[in-house]
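Please read the structure below before turning to the comments.
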Amino acid sequence: MAAAGKAERAAWLRAELERHNHAYYALDAPTIPDAEYDRLFRELQGLEAEFPELLAADSPTRRVGAPPLKEFPPRRHGLPMLSLNNAFAPDEVEAFDKRVRDGLETIATVDYAVEPKFDGLAISLTYENGVFTGGATRGDGITGEEVTPNLRTLRDIPLRLPGTGWPALVEVRGEVLMYRAAFAELNARQRQRGDKEFVNPRNAAAGSLRQLDSRITAGRPLSFFAYGVGAGGDGLAARTHGDLIDQLAAWGFPVAAERAVVGGCRGLLEYFAKIEKLRPALPYDIDGVVYKVNRRDWQDRLGFVSRAPRFAIAHKFPAEEASTEVLGIDVQVGRTGAITPVARLKPVFVGGVTVTNATLHNADEVRRKDVRVGDTVIVRRAGDVIPEVVAIVPEKRPTRDLFGGVPLHPPFALPETCPECGSAVARGEDEAIARCTGGLFCPAQRKQALLHFAARRAMDIEGLGDKLVDQLVDAGLVHTPADLYGLSAETLAGLERMGEKSAHNLVAAIDASRQTTLARFVFALGIRNVGEATARDLARHFGGLDALLAADAAALQAVPDVGPVVAASIAAFLGEAHNRQVIDDLRRAGLSWEEGQPAAAGLQRLAGKTLVLTGTLPTLKRDQAKALIEAAGGKVAGSVSKKTDFVVAGEEAGSKLEKALELGVTVIDEDGLIQLLEKGEGQ
DNA sequence: TTACCTCGAGCTCA
DNA sequence: CTCGAGGTAA
C-alpha cells in the first residue's frame, strides 16, 4: 500500500473505531463484536507504530493512556470557569427569579433551563478545528491543571466533533464523575487487590483524574457530562441554553437526561421537588439542581457579579445531617492568640466524609447551643465543606442519676488561662473572640507564627511543616523566626524523622529564603490584620523597611486601603520592643530584598493647610478623614477662621458651614477631599 | 475540613 | 512500608 493509502486507511480506522466506541459506551448498543473491534484497534496501532506521523490527536489508540507525566502543567482557560451562587431555600430561589426579572426589566414569566447538579469535578475541554486538543481542571477559575492524557481515556469524551458546524476553537464545560455502580465495582476490585478503597464516588473520580500515569486512569470507570461552553460559545447558533445542550448532545457528549425547560419561580421549585424525589434512583450523585435563564441573549444582558453569573444559580439540597456524640471540647490557640473551642466528635460518616472535629467558633456560640461534653449532637457539612454542630439533642444529655435529671457535665466555659501557656485569656469589649494574652511567650502562638513565617506565600521555606515546628519549639531550639537562620544540619539531625539528608535539605531551604521581597517579609511577620495584599501595599508605599518602621499610625493611614484599624495593628506590632528585636535579628541573619522608592502617594499634598470637618461624610468616618489629612501633612482644626483653607462639609453640616460661607472659605465635599489628597490643589 | 495523589526519605526487617 | 509535607478539589 502506498503511503497515501496508509494515511487514508488510518483515518478510516480512527473514524470507524470512534463510531463503535460511541455506540458501545454512550449509546450502550454495540455495533460490532469485541474481537472485531480489537482487530481494527490493533491494525491502527500497528500503522501508527510504523508511521508515527499518522498518530493523530484524535486517535482512539490514545484512549489507553500515555506514559506518565512528571507533573500537570498549568493551563489557562479561554474564558474563566466561574462558580455559581447557591440557594438553599425556596425564598432564595424566589429572590433569584426576582433579581432576574428586575435585571431584564420584565414582569413576564422567565423560562429557565434546569438540570441536576452533578457531584463530580468541573472540567473544561478544548476543541480546535473540531479536534480535542486539551482539557483542564477548574483550578482558581482562571488557570487550571492540564490533565489531557487522562481525559483522553474517557470514552464519553469525543476526540473529534462530527460534522463541520463547530467554531474554530470551542471549550466544552462539564463534570467528570463516577456512577455509583461503577464506584462500587471499583471498590470491590480495590478490596480484592488489597488496595485502599475510596470513600465516595466524587473522591474516586477526583483521585482517578489526578493520576500522573494516565494508564491507571484508563482503567477507572469515569464518565463525563457536558453542561455548557466557555470560549467559542458565541460562535454557536444556539439561541437558548436548551438548544446549546442539544448541540453538545449532537456532537456526541453525554448530557443530563433529566434536563428540562420550566417557567418562572414556580416551575423551578416544582422541578426541584421532582429531582429531589428522583435523587435516590439516579445512577450518580448530585448535590442540587442548576437553574439558568434559557435565552442566551438574556444571559448576556444579565452579566456577572464578581465571580458568578447573575443568570444562573445552584439550588442545593439540604446538607445531610447525622447525630453523634461529643467526646470533648478542646480549645485551640491560633496565631493571633484567638481561642477557638473545637468539638471532638465520635467519628460519623456524613455528607460523604468522616467528621471528627467541628469548630464551635467562639464561647457565645457554645453557650447559645449549650453544647456540653457527652451530648448527642446533630452535625452537618454546611456550605459545602465545614462541619457544623447544628443543635444538641437535649433528651439524650447524660445525667448524674437516672431520675434526678441533673446533667453530668456543666455548661462549657472558656478557660480563664491559656491551656498552652497559662497566660490570662482576655476578651475585648463587644468582641466575640477571646485571646490568649501570652503573645509570643505562648508556645502555641509561637508555633503558629513560625508556620506562618515559613508558609509558601510568606518566606516559602519548604519542608518546615507543623510536626517539625512542634519539635523545634518543644526542644527549645527555636523561639523566634530569626532562630531558624541559626540552625545547623547537625542540630537538626537527630530530631524525629530527620536524617542527614532531610536536615541538609531544610537548612538549604532556610538559606534560600534569605533572598526575598519586602512584601513577603512584611507578610511573614504575621502582623494582625496585615495579609498578603496589605503587605504588598505597605511595601509599595514605603519602598523600604526603614521607612515602614519609622511610620506612625497617621503615616500608615496614608497607605491605600489602610484605615485606622489596620494602622493601629501595625503601630502596636512595631511598638513592641520584642518585635523590633526580631526584625533586627532577621536583618542581621542576612535577609535581603530589593528596596524601591516610596510611592508618590506619600507626597505631602496638604502640607501647611488647615482644614475643618463638619457634618457626616458619606463613607469616611470623622477620624479616618482626620488621619488622611494629617498623613498628607495637613492640620485639622476645630473651628472655622480666616486661616482655614478648606471646609469639608457632609450631611447635616451646621454652623461651621455657615461660617465658612460667610468668610468665603472654600467648601468641598468628601469627593473633593479625596481629589485633594490624590491630586493636590489646583484641580 | 476531609480525602486524595505524589514525593522524598526515614524506619524496619530480611 | 510508613510518615511528613505539599498540593488540589469540593
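So you know, we letter chains A, B, ... as the sequences are listed, proteins then strands, and number each from 1.
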Pairwise 5' ranking along DNA chain B for A:V355 and A:L69, keeping only the more 5' one: A:V355
Over how many whole Å does the gap from [X] atom [atom1] to [N] atom [atom2] extend?
X	N	atom1	atom2	result
A:L468	C:dA5	CG	P	6 Å
A:L450	C:dA5	CG	P	14 Å
A:L212	C:dG7	CG	P	15 Å
A:L177	C:dA9	CG	P	17 Å
A:L464	C:dG6	CG	P	8 Å
A:K467	C:dG6	NZ	P	12 Å
A:E320	C:dA10	CD	P	20 Å
A:D140	C:dT8	CG	C1'	12 Å

Got a donor-acceptor contact below 3.5 angstrom from the [X] side chain to the [Y] backbone?
X	Y	value
A:E532	A:F523	no
A:R367	A:P411	no
A:H77	A:T137	yes

A:Q471 side-chain N/O to C:dG4 phosphate OP1/OP2 under 4.0 Å: no
A:T137 side-chain N/O to C:dT8 phosphate OP1/OP2 under 4.0 Å: no
Close side-chain approach of A:F412 to A:R372, heavy-atom, < 4.5 Å: no
Considering only nitrogen or oxygen atoms on both sides, find all protein atoms under 3.5 Å from nucleotides 10-14 of chain B and state each distance.
from: B:dG10; atom 1: OP1; to: A:G499; atom 2: N; distance (Å): 3.2
from: B:dG10; atom 1: OP1; to: A:S502; atom 2: N; distance (Å): 3.0
from: B:dG10; atom 1: OP1; to: A:S502; atom 2: OG; distance (Å): 2.9

Would you classify [X] as touching base, sugar-phosphate or nothing, given that sugar-phosphate means primed atoms plus P, OP1 and OP2, and contacts are heavy atoms under 4.0 Å?
X	result
A:G352	nothing
A:T356	sugar-phosphate
A:N357	sugar-phosphate
A:E71	nothing

Could you verify whether a donor N or O on one side chain and an acceptor N or O on the other, from [X] and [Y], lie under 3.5 Å apart?
X	Y	answer
A:S214	A:T217	no
A:R75	A:T148	no
A:R497	A:S502	no

Nucleic acid contacts of residues 187-209 of chain A, taken as heavy-atom distances under 4.0 Å to DNA chain C: A:R202
Residues A:D466 and A:K447 bridged, charged N to O under 4.0 Å: no
Verdict with reasoning, A:Y127 to A:F253, per ring pair (Phe, Tyr, Trp, His ring centres under 6.0 Å): CA-CA 13 Å; A:Y127 288 83; A:F253 291 99; 5.7 Å; yes
Reported CG-to-CG distance for the pair A:L477 and A:L468, which is rounded to 0.5 angstrom: 10.0 Å
